[in-house]
Each structure stands twice: as structure tokens, then as C-alpha cells.
> 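Structure in C-alpha cells, see below.
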Amino acid sequence: MIKQAIIPLAGLGTRLLPLTSVFAKELLPINGKPGLEYILDECFEAGIKEIIFIISDKKKMIKDYFYNDSFYKKILKKKKDTRVLKEYKKILKYKKMIKFVCQNKPLGTGDAVMKTKKYIKSNHFLMLLPDDLIIKNNCSKEMVNVHKKHKSSVMASMTVNKKTVSRWGIYKLSKKLSKNNYKIEDVIEKPKIKDAPSNKAVIGRYILPKKIFSEIKNLKPGKGGEIHITDAIQNLIKKNNLFVAHNFKGKYLDCGTLQGYINSTLEISKI
């Protein structure tokens with residue numbers, strides 16, 4: 001069973017500057033609720049029991065958000081506000097599930113994953129990238145079921161317009177395994193339109209094997225001097241480890257840009 005999840009949160013958030021120079025983008029409200037809480041709810045509903053946040057010193061605001069007990073107690077002592085009490089209980093529920101590790105240098109998602117190594121106990125774990133929200137269906141829950149069925153690693157997949165493939169990581173798929181699930185032969189980062197093996201894009205939900213830590217450890221920095229998780233995944237696929245692309249049923253929202261953030265608020269307000 002998949003019981004642990006990791007969430008990389010140390011990114012600089014440059015696409016939302018100047019706001020992110022002083023504020024963690026993951027705490028920005030989307031329809032009245034921090035974006036990060038949608039990710040936590042997805043984990044909780046998928047059966048996750050422990051979540052590891054990878055933050056930086058600049059993102060300590062995120063830790064403070066979950067450890068501000070005295071603030072809530074002070075308010076509730078003065079006034080028994082049911083809404084505040086409900087929010088405080090929710091924060092306490094999340095806090096019991098969360099551990100924190102630090103990534104103070106922006107050295108890529110692979111490096112962020114490596115920071116969690118000492119906490120990962122089981123053979124597979126879930127990773128969620130917080131810029132990617134998936135609403136209306138629980139993508140992580142779907143992927144846990146795919147993992148059970150195929151005894152494999154799993155990555156979320158979405159069909160994109162062929163003209164936009166150069167913005168995405170794109171799958172090369174070999175065969176259909178079951179409904180909405182395909183064997184991954186390779187992952188190509190931001191290919192040219194003519195070089196794209198498909199129009200199936202990588203979205204920020206992964207069920208990864210514990211052995212990925214050994215692959216990351218042996219990687220040399222890639223583009224931008226970063227350690228890329230995709231490189232480690234490619235190496236495992238070449239060694240005949242089964243990775244499945246799952247075409248999820250929910251609606252994808254990009255919260256990593258200002259326009260995407262605005263659109264996400266509008267979409268969620270309709271639910």
C-alpha cells in the first residue's frame with residue numbers, strides 16, 4: 001500500500017513574482033482555501049498517512065502555517081467562533097501527518113526527492129507537484145489503484161494539443177495495459193513538435209519506487225545545473241522497471257502562473 005507522499009515546495013516561484021518574493025505561492029488562496037490544502041486533501045482521500053514537505057528557509061512560512069497553535073488558542077479563548085475552531089481542527093489533523101525537510105539550493109526535483117530518503121519506508125511512494133491541481137476526480141487515488149493492479153510505478157498523463165508539446169515532458173508509449181493505462185517506453189523533455197513521440201504529457205503526480213534514490217545519487221547535473229527526476233526515471237525504465245502512464249479522469253489546473261492561478265480560482269468556484 002502507498003502510505004507516504006512527498007511534496008516539493010522549495011521552488012522560487014519566479015513565474016509569480018513579485019508576490020513570491022515575500023509570500024509562499026502554495027499558500028495563496030484559491031476560492032478561499034490555500035492551494036496546498038487541495039493537495040493535502042487529495043493525499044488524505046487517497047489513503048496517505050504521512051506527508052513529507054520539502055521546503056527552504058525562505059518558505060518557512062509554510063511550516064508556520066501549520067504550527068501557529070498559540071494564535072488559534074488566543075482567538076478561541078476570547079470567542080468560541082465555530083468557523084475558526086473548524087479551521088484549527090483541520091490544521092491539527094494535517095499537522096499530525098506532516099514532516100519537513102530542507103532544500104536550500106534550487107538544484108532540481110531530483111535533489112528535492114533525495115532529501116526525503118531517510119523518511120521513506122515502503123517500496124513505493126507518491127509525489128505531488130503543487131503547481132498542478134487536479135479537480136473533480138482524485139488522481140492520486142486512481143494511481144494507487146493502478147499501482148495495485150500492475151505492481152508498477154505510475155505517472156499521470158494528459159492529452160495535450162500537438163502544437164504545445166514543446167512545453168511539456170512527453171511520453172513515448174509502447175502498449176496499452178488496461179483502460180487508460182499504458183506502458184512507458186521513454187519520457188522526452190520538451191521535444192520539438194516534429195520530434196514528439198506522442199501528445200501525452202507528464203503531469204505532476206508520480207508513484208515512484210524506493211530504488212529511485214540510488215539512481216538519483218549517481219546522476220550528474222543536467223540542464224540548468226539541476227538534478228532532474230526524469231533522468232532517474234529514464235534510467236529505471238532502461239533497466240526494465242515498469243512505469244505506467246495513467247490518463248486521469250479529473251480536470252487539470254495549472255497554478256504555477258498568474259493567469260493559471262486566476263483560472264484555477266474561477267474553475268474551482270464553479271464546483
Side-chain angles (χ1 to χ4, degrees), residues 8 11-16 106-114 126-134 139-140 142-143 146-147 150 152-209 211-212 215-216 218-261 263-264:
L12 299 174
T14 51
R15 293 187 295 170
L16 283 171
L107 297 177
T109 306
D111 179 67
V113 171
M114 201 67 188
L126 177 66
M127 178 170 77
L128 306 92
L129 303 186
D131 280 356
D132 294 352
L133 280 190
I134 299 169
C139 180
S140 293
E142 289 177 22
M143 288 172 60
V146 174
H147 165 75
H150 294 288
S152 66
S153 300
V154 188
M155 297 168 66
S157 168
M158 181 178 74
T159 303
V160 297
N161 189 310
K162 287 182 180 178
K163 293 178 182 176
T164 68
V165 291
S166 60
R167 290 171 42 202
W168 307 86
I170 297 294
Y171 292 112
K172 183 179 181 182
L173 304 170
S174 63
K175 64 178 180 180
K176 188 173 183 177
L177 298 173
S178 55
K179 188 179 180 182
N180 297 322
N181 300 305
Y182 299 81
K183 183 179 179 182
I184 301 169
E185 192 174 307
D186 202 357
V187 181
I188 316 298
E189 276 298 326
K190 299 181 179 179
K192 293 177 182 176
I193 294 173
K194 65 182 178 67
D195 298 329
S198 74
N199 64 333
K200 302 293 185 186
V202 180
I203 301 300
R205 300 289 184 278
Y206 306 72
I207 289 177
L208 298 170
K211 63 177 74 171
I212 202 158
E215 294 298 330
I216 296 169
N218 294 324
L219 287 177
K220 291 179 180 177
K223 189 177 178 182
E226 296 184 352
I227 303 294
H228 298 285
I229 194 69
T230 306
D231 293 340
I233 290 167
Q234 286 171 326
N235 289 346
L236 286 173
I237 291 170
K238 286 173 187 173
K239 292 176 182 177
N240 295 317
N241 291 274
L242 178 59
F243 276 73
V244 174
H246 172 66
N247 291 340
F248 57 88
K249 295 173 186 174
K251 184 178 179 64
Y252 167 76
L253 301 173
D254 175 15
C255 299
T257 65
L258 185 57
Q259 191 57 55
Y261 168 70
N263 289 341
S264 298

> Check whether any side-chain heavy atom of Asn241 lies under 4.5 Å from a side-chain heavy atom of Pro209, and answer yes or no.
no
> State the CD1-CD1 distance between Ile188 and Ile170, to the nearest 0.5 angstrom.
9.5 Å
> Could you check Ser153 against Leu208 for side chain to side chain contact (heavy atoms under 4.5 Å, CB included), going step by step and ending with a plain yes or no?
CA-CA 5 Å; Ser153 300; Leu208 298 170; 5.6 Å; no
> Would you check if the side chain of Ser178 reaches a backbone N or O of Asn181 as a donor-acceptor pair within less than 3.5 Å?
no
> In sequence, state the C-alpha distance, the side-chain angles, and the governing distance for Glu226 and Asp111, and then conclude on side chain to side chain contact (heavy atoms under 4.5 Å, CB included).
CA-CA 8 Å; Glu226 296 184 352; Asp111 179 67; over 6 Å; no
> Quick check: closest heavy atoms across Ser174 and Glu185, and the distance to 0.1 Å?
CB-OE1, 3.3 Å
> Is there a side-chain contact between Ile184 and Val244 (heavy atoms, below 4.5 Å)?
no
> What are the two closest heavy atoms between Ile216 and Ala232, and how far apart are they?
CG1-CB, 3.9 Å
> Decide yes or no for Ile233 and Tyr206: does some side-chain heavy atom of the first lie under 4.5 Å from some side-chain heavy atom of the second?
yes
> Is any side-chain heavy atom of Ile227 less than 4.5 Å from a side-chain heavy atom of Met114?
no
> What distance separates Ile134 CD1 from Lys251 NZ, expressed to the nearest 0.5 Å?
12.0 Å
> Check Ser264 against Leu253 and note the closest heavy-atom contact, atom names and distance.
OG-CB, 3.5 Å
> Mind checking whether Asn235 and Leu219 have side chains closer than 4.5 Å, heavy atoms only?
yes
> Any chance you could measure Lys194, atom NZ, to Lys162, atom NZ, to the nearest 0.5 Å?
16.0 Å
> If every non-hydrogen atom of Phe248 is compared with every non-hydrogen atom of Cys139, which pair is closest and at what distance?
CB-SG, 3.7 Å
> Give, for atom CG of Asn263 and atom CG of Leu258, the distance between the pair rounded to the nearest 0.5 Å.
9.5 Å
> Could you give the side-chain donor-acceptor pairs of residues 196-205 under 3.5 Å, partners two or more places apart or in another chain?
unit_1	atom_1	unit_2	atom_2	d
Ser198	OG	Tyr171	O	2.6
Ser198	OG	Lys200	N	3.1
Asn199	ND2	Val160	O	3.1
Lys200	NZ	Thr159	OG1	2.6
Arg205	NE	Glu42	OE1	3.4
Arg205	NE	Glu42	OE2	2.8
Arg205	NH1	Leu129	O	3.4
Arg205	NH1	Asp132	O	3.0
Arg205	NH2	Glu42	OE1	3.0
Arg205	NH2	Asp132	O	2.7

> Taking it one step at a time, do Thr164 and Asn161 satisfy side-chain hydrogen bond (donor to acceptor under 3.5 Å, both in side chains)?
CA-CA 6 Å; Thr164 68; Asn161 189 310; 5.3 Å; no
> Kindly indicate, with the supporting measurements, whether the criterion side chain to side chain contact (heavy atoms under 4.5 Å, CB included) is fulfilled by Glu215 and Lys239.
CA-CA 11 Å; Glu215 294 298 330; Lys239 292 176 182 177; 2.5 Å; yes
> Can you measure from CG (Leu107) to NE2 (His228) and round to the nearest 0.5 angstrom?
10.5 Å
> If I compare all heavy atoms of Ile207 with all of Met143, which pair ends up nearest, and what's the gap?
CD1-O, 3.4 Å
> Rounded to the nearest 0.5 Å, what separates atom OH in Tyr252 from atom CG in Leu133?
9.0 Å
> Could you pull out all residues at least two apart from His147 that satisfy side-chain hydrogen bond (donor to acceptor under 3.5 Å, both in side chains)?
none
> Quick one: are Glu142 and Asn180 in side-chain contact, heavy atoms under 4.5 Å?
no
> Which pair of non-hydrogen atoms, one from Ser140 and one from Leu128, has the smallest distance, and what is that distance?
OG-CD2, 3.4 Å
